[in-house]
Amino acid sequence: MDTTYADSFIVEGKLSLPYQYFAGRTGSKFIISLRDSKKILGVRCNTCNKVFVPPRSTCERCFADLTQSWVELKDTGVVTGFTVIRYEEPHQPVKPPYILGMILLDGADTPFPHIVKGVPISQMKTGLRVKAVFAKKTTSTIRDIDHFLVDESQKIEIGYTYDELEIGMAATFTKTITETDVYLFAGISGDFNPMHLNEEFAKKTPFGTRIAHGALPQCLIAPVLGMKMPGLGTVALEITTRFRAPTYFGDTITARAEVVEKIEAKRWVRMALTWTNQHGKLVAEGAALVIPPTPLS
Amino acid sequence: MRKNRNVGIVGVGQSVFSSHREEVNQPEMIHEAVVEALQMAGITMADVDCVVHGNMELFEMVHQPDLWHTIGTGAWGKETLRITTGGTTGATLVAAADHLVASGLHDIVLAIGFEKLQEGHTTGGITNMADPLWGRQLQTGALTGMTAAAIIDEFGAERARKAAMTYRILMDKHAMKNEKAHRRLGLEFDQADELAVNSPALVGELRMIHMCSQSDGACAMIFASEETAKQLCPQPAWIRDHITVHREEMFCIFGNAPVLSTHRYAAQKLFARNGITDPLSQIDVFEMYDPSSWWGIDWLREFLMLEGDAHIRMVENHDIAIEGKFPVNPSGGVIASNPIGATAMVRVAEAALQIMGKAGQHQVPKPVNQAMASGFGGTMWTVLFLLTRDIPAMG
């Protein structure tokens with residue numbers, strides 16, 4: 001079949017179709033309660049022993065009239081399901097990406113959809129406990145609950161996963177190396193070499209004064225890799241360093257790590273490392289091979 | 001039409017029809033009709049095997065409303081079917097429910113037609129249905145002055161205008177007897193001349209007063225197999241036969257050549273296969289889908305296969321009044337209430353109520369052994385039903 005479309009017209013069209021929604025008496029009472037007293041109301045069917053939220057005027061199972069059996073619910077609940085909205089349309093309530101979860105309030109039997117915030121998309125999962133955050137400005141809609149916020153106590157932070165990391169992403173950590181640091185490091189490592197601790201001895205070395213242990217500025221890369229890039233949950237497999245210049249007492253060292261290679265077969269990442277001092281002089285350079293954090297189950 | 005078994009209408013429910021039903025949402029409004037139909041049938045939702053649901057695509061801007069409406073329809077856990085065929089939707093729902101029961105698939109079927117026109121954008125929905133290249137500029141929905149022009153052309157302006165207003169006022173007098181009707185204006189015949197001039201013009205000779213309403217409302221009907229219907233109801237309204245006729249083009253591309261209307265074609269076929277040679281005497285009441293009083297007049301001629309000015313005389317002589325020789329739309333018709341997805345179903349439902357003797361204030365004051373009901377939709381569709389008091393013979 002010939003499916004070429006040369007000489008075929010495309011007729012462009014655009015429809016703007018306004019509409020409204022009658023919430024009804026029962027739905028309106030729900031909205032008014034949200035708006036005026038920040039209370040979430042549902043209805044209970046005593047025959048079916050179910051609490052419906054948002055409320056409905058009749059029970060869909062037994063047709064009982066529920067308009068007089070209001071119950072007030074807590075503003076906390078659990079996410080029973082969710083999806084991530086990534087496409088963008090003018091009608092959406094917030095700018096994508098955002099999480100739309102099914103929220104089952106404590107004491108309710110029916111979940112309803114709402115926006116979930118306070119958790120990275122990569123860490124969203126069902127079962128998270130949430131709490132309603134009411135909107136500062138009322139709109140007389142379900143958005144008088146602005147969103148549901150994930151309970152902080154359940155939050156487990158992790159760094160960038162393999163899939164989230166991209167070539168060129170980088171992070172730094174900066175610290176001034178003091179005499180105290182050097183003496184503590186000598187104690188930690190057992191390296192009491194007089195070039196780090198004895199000024200008179202050090203004057204006779206090519207450096208002319210005491211210098212820090214090489215491993216002292218080098219270890220400043222640990223907070224970068226382990227806490228920033230990729231971050232919490234990272235496993236370091238290999239770190240190589242070539243020292244280029246000494247670190248004097250009082251120098252301010254910036255350790256930097258940059259993603260340079262994603263090794264798909266292993267899902268490992270190679271990082272380029274640099275250490276520079278306050279004058280911009282390269283103190284050391286090197287490379288690291290790391291396993292980025294994996295999403296927690 | 002050959003049937004596997006007979007089907008009886010055993011329950012009819014209607015919500016109150018109004019331009020605004022702000023106190024209820026869609027499932028709540030439908031619930032009113034469903035509960036009433038169940039009550040009339042003396043059954044509960046547990047007895048219903050299948051729910052058939054329909055409205056107009058796009059009119060409320062809700063995709064697959066039947067899913068949401070489960071809250072009010074009682075369809076939870078049941079077989080369901082959603083149907084939309086435009087203005088005929090309501091009548092097509094009845095046809096589908098009839099088939100579902102007649103076939104033996106189900107013993108009891110609930111059909112629901114609804115519309116909340118105030119929530120949506122009707123003309124937007126209608127305008128979107130035609131071919132965007134060739135047909136869309138022609139689409140005005142049911143607003144057309146062509147029939148008025150044709151009637152005036154044939155019978156003269158004075159007689160035609162008077163007949164249209166007589167038809168309109170008769171329909172309003174019927175609506176005044178129907179508490180659920182949307183527009184109950186309390187019109188009197190001495191207002192006819194003033195209304196014909198002062199009512200806002202819509203298209204040509206079609207004025208606001210001639211035109212049907214835009215309503216919120218729902219209708220529910222319960223259909224049962226012959227055996228079940230006899231147990232449930234002392235007098236079901238039996239579905240004798242029905243026919244659906246379509247044609248798509250609105251205008252003849254070869255000019256205004258005479259074409260057989262779908263209404264007349266449907267009537268010819270339906271009458272022929274049911275032995276109806278004199279519809280005026282063999283049919284006791286007619287619930288006609290009449291979008292405007294101009295179409296109301298014209299379509300009497302088509303459905304009843306009348307010639308000359310017989311249809312005009314029927315109106316002039318008030319034959320179509322509730323107490324007349326051939327009552328038409330004792331409910332007030334579409335001109336009074338028009339929740340589109342329910343409208344055509346209400347025609348069949350009202351015809352059924354007349355057979356069952358349950359039309360209340362607007363029950364026609366004579367025995368109703370056979371009733372006819374029509375549905376109309378765009379672009380030119382007809383659904384025509386025959387209901388009887390006696391159990392139809394199995395052909």
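The structure presented is a predicted model; accordingly, all values stated were derived computationally and were not measured. Note on naming: letters A, B, ... go to the chains in the order of the sequence lines (proteins, then strands), and numbering restarts at 1 for each one.
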Engineer: Apply the side chain to side chain contact (heavy atoms under 4.5 Å, CB included) test between A:Phe22 and each candidate in B:Glu60, B:Glu23, B:Glu28, B:His20; give the one that qualifies.
Structural biologist: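 Running side chain to side chain contact (heavy atoms under 4.5 Å, CB included) over B:Glu60, B:Glu23, B:Glu28, B:His20 with A:Phe22 returns exactly one hit, B:His20.
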Engineer: Within a radius of less than 6.0 Å around CD of A:Glu88, do more than 12 heavy atoms belonging to other residues, nucleotides or ligands occur?
Structural biologist: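 Yes, because the 6.0 Å sphere around CD of A:Glu88 holds more than 12 heavy atoms from other groups.
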Engineer: List in chain and number order the residues that pass side chain to side chain contact (heavy atoms under 4.5 Å, CB included) with B:Gln64, two or more places apart in sequence or in another chain; answer none if no residue qualifies.
Structural biologist: B:Asp66, B:Leu67
Engineer: Quick check on B:Val34 against chain A: is it the side chain, the backbone, both or neither that has a heavy atom closer than 4.5 Å?
Structural biologist: side chain
Engineer: If I take atom SG from residue A:Cys62 and atom CE from residue B:Met45, how far apart are they, to the nearest 0.5 angstrom?
Structural biologist: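 Between atom SG of A:Cys62 and atom CE of B:Met45 there are 12.5 Å.
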Engineer: Has A:Phe82 got more than 12 heavy atoms of other residues, nucleotides or ligands less than 6.0 Å from its CZ?
Structural biologist: yes
Engineer: Roughly how far, to the nearest 0.5 Å, is OG1 of B:Thr44 from CZ of A:Phe63?
Structural biologist: 9.0 Å
Engineer: Hey, is CZ on A:Arg25 packed in by over 12 heavy atoms from elsewhere, all under 6.0 Å?
Structural biologist: no
Engineer: Can you confirm whether B:Glu179 is buried at CD, in the sense that more than 12 heavy atoms of other residues, nucleotides or ligands lie under 6.0 Å from that atom?
Structural biologist: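 Incorrect, the count does not exceed 12.
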Engineer: If you measure from CD1 on B:Ile71 to CD on A:Glu60, what distance do you get to the nearest 0.5 Å?
Structural biologist: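 Result: 6.0 Å between the selected atoms.
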Engineer: Out of B:His31, B:Lys116, B:Gln26, return the one with the most heavy atom pairs under 4.5 angstrom to chain A.
Structural biologist: B:His31
